[in-house]
Asks: 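The structure that follows is given in the form of structure tokens.
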Number of protein chains: 2
Amino acid sequence: MNKKVEIIKALGDETRLRILNLFIRWGKNLCVCELVDSLKMPQYHISKHINILRSAGFFNSEREGTWIYYNLNNSDSSNKELFNFLKRYLNEEQFEADYELLKQRLLLREEGKCVVGFIPEKDLLKKIQMKTEEV
Amino acid sequence: MNKKVEIIKALGDETRLRILNLFIRWGKNLCVCELVDSLKMPQYHISKHINILRSAGFFNSEREGTWIYYNLNNSDSSNKELFNFLKRYLNEEQFEADYELLKQRLLLREEGKCVVGFIPEKDLLKKIQMKTEEV
DNA sequence: TGTTTGTATGCAAATATTGGCATATTAGAA
DNA sequence: TTCTAATATGCCAATATTTGCATACAAACA
């Protein structure tokens with residue numbers, strides 16, 4: 001199938017658009033557990049959709065210990081155009097709310113690295129609060 | 001489902017992208033038989049995909065006798081942004097070739113209106129040639 | 001009214017996608 | 001080497017999509 005068709009097809013799923021939205025807004029690398037917590041979805045679900053997005057050429061990945069960081073693949077100029085478009089287009093509440101939660105979750109990073117795995121939904125906000133109160 | 005997700009999902013099909021490509025490049029109304037001839041697909045196939053695109057809010061339609069003309073719905077500004085993006089993004093050979101054939105097919109219009117139904121593939125180019133040689 | 005023409009649609013088979021569970025893989029730590 | 005943690009994947013059932021055919025519909029015209 002035509003490559004661009006394949007790419008646009010890969011976009012056509014709510015979970016995948018929510019994942020991409022986080023990468024596009026954040027602009028830097030993210031690991032799976034940060035996505036799991038931000039989107040409140042099972043890990044296997046996120047992993048599978050990331051895999052589909054990766055096959056479509058959206059991501060680079062890089063392992064650091066047991067963590068794997070994904071990053072948008074901006075080396076292709078038509079990808080870059082696509083991301084720019086989506087950044088403006090995905091302006092609905094859901095996408096904004098997802099990013100707000102991601103930003104909270106990123107407070108748990110230390111020296112720019114994820115240092116916790118995924119956190120049961122009920123503990124997440126408490127944990128973030130404790131963390132930000134540490135001095 | 002989220003409206004924008006639904007819209008992007010509707011894009012995720014080769015036939016539908018090819019149809020949209022023709023509208024976006026041409027910028028004016030088109031009838032089903034012009035699409036059938038340009039994309040060389042069965043009429044029911046085109047009609048069904050147009051229906052999906054219409055449900056996603058991409059088209060207005062207008063009947064003139066037995067012909068039905070479709071037109072891009074530009075009244076929504078986020079649609080307009082999407083079309084602008086696609087105009088640049090759908091730059092592959094297939095999309096250009098489709099538009100070249102459409103332009104040929106449009107030579108059969110008279111006073112801006114489609115006056116023939118769909119034409120067997122083998123006769124199309126001959127018919128266009130005859131038409132353009134008239135006077 | 002009957003026929004033709006452009007377009008739409010109901011139905012069923014073929015195919016593809018999604019979501020859930022269990023389990024595999026990989027690397028670090030004990 | 002064994003355990004744990006982060007991530008990936010194989011398998012299956014459920015669901016959705018696509019395609020093809022036949023046919024319906026609506027307007028024009030004889």
Side-chain angles (χ1 to χ4, degrees), chain A residues 1-2 5-6 8-19 29-56 59-71 105 108-110 113-120 123, chain B residues 1-2 5-6 8-19 29-56 59-71 105 108-110 113-120 123:
Chain A
M1 188 175 37
N2 180 304
V5 174
E6 200 185 322
I8 293 182
K9 200 166 193 162
L11 296 179
D13 174 272
E14 178 149 22
T15 302
R16 293 199 287 275
L17 279 174
R18 288 175 68 192
I19 290 174
N29 64 18
L30 291 170
C31 68
V32 174
C33 60
E34 289 168 335
L35 296 168
V36 166
D37 287 350
S38 303
L39 301 180
K40 299 171 184 171
M41 286 181 188
Q43 173 266 322
Y44 65 80
H45 196 160
I46 300 288
S47 277
K48 279 184 181 174
H49 282 294
I50 281 201
N51 195 36
I52 291 170
L53 290 169
R54 192 161 48 80
S55 303
F59 290 130
N60 299 124
S61 66
E62 177 181 20
R63 181 183 276 276
E64 287 200 21
T66 51
W67 276 271
I68 297 177
Y69 289 95
Y70 288 89
N71 229 321
R105 177 60 167 77
L108 295 180
R109 282 196 177 188
E110 286 179 10
K113 301 292 176 194
C114 181
V115 293
V116 295
F118 78 85
I119 298 166
D123 301 333
Chain B
M1 189 175 36
N2 181 304
V5 174
E6 198 186 325
I8 292 181
K9 198 165 196 165
L11 297 179
D13 174 273
E14 179 149 20
T15 302
R16 291 198 289 273
L17 279 174
R18 288 174 70 193
I19 290 174
N29 64 15
L30 292 170
C31 67
V32 173
C33 60
E34 289 167 335
L35 296 167
V36 167
D37 286 350
S38 301
L39 301 180
K40 299 170 184 170
M41 289 181 188
Q43 174 266 321
Y44 64 81
H45 196 161
I46 300 287
S47 277
K48 280 184 180 174
H49 283 294
I50 282 202
N51 196 35
I52 291 170
L53 291 168
R54 193 160 47 81
S55 302
F59 290 132
N60 300 123
S61 66
E62 177 180 22
R63 181 184 276 276
E64 286 202 29
T66 53
W67 278 272
I68 296 177
Y69 289 95
Y70 288 90
N71 229 321
R105 177 59 167 78
L108 295 181
R109 281 194 177 189
E110 285 178 10
K113 301 292 176 191
C114 181
V115 293
V116 295
F118 79 86
I119 298 164
D123 301 333

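Hydrogens, waters and symmetry mates are skipped; everything else that's a heavy atom, side chains included, is used. Below, read A as the first sequence line, B as the second, and so on, with proteins coming before strands; counting in each chain starts at 1. Since we're looking at a predicted model, the values are computed, not measured.
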Asks: C/dT17 P sits how many Å from A/Glu14 CD, rounded?
Replies: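 Rounding to the nearest Å, CD of A/Glu14 and P of C/dT17 are 18 Å apart.
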Asks: Map A/Thr66 and B/Val32 onto DNA chain C by nearest heavy atom, then report which one ends up closer to the 5' terminus.
Replies: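 Final value for this comparison: B/Val32.
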Asks: In sequence, state the C-alpha distance, the side-chain angles, and the governing distance for A/Gln43 and A/Ser47, and then conclude on side-chain hydrogen bond (donor to acceptor under 3.5 Å, both in side chains).
Replies: CA-CA 6 Å; A/Gln43 173 266 322; A/Ser47 277; 3.0 Å; yes
Asks: Should A/Leu30 and A/Tyr70 be marked as a side-chain contact (heavy atoms from CB on, under 4.5 Å) after you check the CA-CA gap, both sets of side-chain angles, and the distance that decides it?
Replies: CA-CA 5 Å; A/Leu30 291 170; A/Tyr70 288 89; 5.8 Å; no
Asks: Quick one: A/Arg54 CZ to D/dA8 P, roughly how many Å, whole number?
Replies: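 Distance, rounded to whole Å: 7 Å.
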Asks: To the nearest Å, give me how far apart CZ (A/Phe118) and P (D/dT7) are.
Replies: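 Taking atom P of D/dT7 as the reference, CZ of A/Phe118 is at 10 Å.
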Asks: Need one value for B/Val116: base, sugar-phosphate or nothing, where a base atom within 4.0 Å counts as base even if backbone is also close, heavy atoms only.
Replies: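 Sugar-phosphate contact only - B/Val116 comes under 4.0 Å of backbone atoms but never of a base.
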Asks: Rounded to whole Å, please give me the gap between NZ in A/Lys113 and P in D/dA6.
Replies: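 The answer, rounded to whole Å, is 16 Å.
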Asks: Testing the basics here: between B/Glu34 and B/Arg105, what is the closest heavy-atom pair and its distance to 0.1 Å?
Replies: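 The answer is CG-NH1, 3.7 Å.
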Asks: I need the CE-C1' distance between A/Met41 and D/dT7, as an integer number of Å.
Replies: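 It works out to 17 Å between those atoms.
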Asks: Rounded to whole Å, how long is the line connecting atom NE2 of B/His45 with atom P of D/dA22?
Replies: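 Nearest whole value for this atom pair: 17 Å.
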Asks: Please determine, for the side chain of B/Tyr44, which listed nucleotide (C/dA22, C/dG6, D/dG20) has the closest atom?
Replies: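 For B/Tyr44, the side-chain atoms sit closest to D/dG20.
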Asks: I want to verify a distance call: between C/dT9, C/dT7, D/dT18, whose nearest atom is closest to the B/Tyr70 side chain?
Replies: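 Closest nucleotide to the B/Tyr70 side chain: C/dT7.
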Asks: Can you name the nearest heavy-atom pair linking B/Ser61 to B/Ile68, along with the distance?
Replies: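 Looking at all heavy atoms of both residues, the closest pair is CB-CG2, 4.1 Å.
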Asks: Using OP1 and OP2 only, check whether a side-chain N or O of A/Arg16 sits under 4.0 Å from C/dT18.
Replies: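 For C/dT18, OP1/OP2 do have a side-chain N/O of A/Arg16 under 4.0 Å.
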Asks: What's the closest nucleotide to the side chain of A/Asp13 if the choices are D/dA6, C/dT18, C/dA8?
Replies: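 When the side chain of A/Asp13 is considered, C/dT18 is the closest of D/dA6, C/dT18, C/dA8.
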Asks: Applying side-chain contact (heavy atoms from CB on, under 4.5 Å), run through B/Asp13 and B/Ile52 and close with a yes or a no.
Replies: CA-CA 11 Å; B/Asp13 174 273; B/Ile52 291 170; over 6 Å; no
Asks: At less than 3.5 Å, do the side-chain atoms of B/Gln43 and the base atoms of C/dA8 form a donor-acceptor pair?
Replies: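 A donor-acceptor contact between them is present.
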Asks: Separation of B/Asn51 atom CG from C/dG6 atom P, in whole Å?
Replies: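 From B/Asn51 CG to C/dG6 P: 20 Å.
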Asks: Compare the minimum distances between each of D/dT7, C/dT7, D/dT18 and the side chain of A/Cys31, then state the nucleotide with the smallest one.
Replies: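 Of all the options, the side chain of A/Cys31 is nearest to D/dT7.
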Asks: How do A/Gly117 and A/Lys9 order along DNA chain D: which one's closest nucleotide is nearer the 5' end?
Replies: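 The 5'-side residue here is A/Gly117.
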Asks: B/Ile68 has a side chain; which of C/dT26, D/dT7, C/dA8 sits nearest to it?
Replies: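 Selected nucleotide (nearest to the side chain): C/dA8.
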Asks: Rounded to the Å, how far apart are B/Ile46 CD1 and C/dA8 C1'?
Replies: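 After rounding, the reported distance stands at 13 Å.
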Asks: Under 4.0 Å: is that the gap between some side-chain N or O of A/His49 and OP1 or OP2 of C/dG19?
Replies: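 It does, given that an N or O in the side chain of A/His49 lies less than 4.0 Å from OP1 or OP2 of C/dG19.
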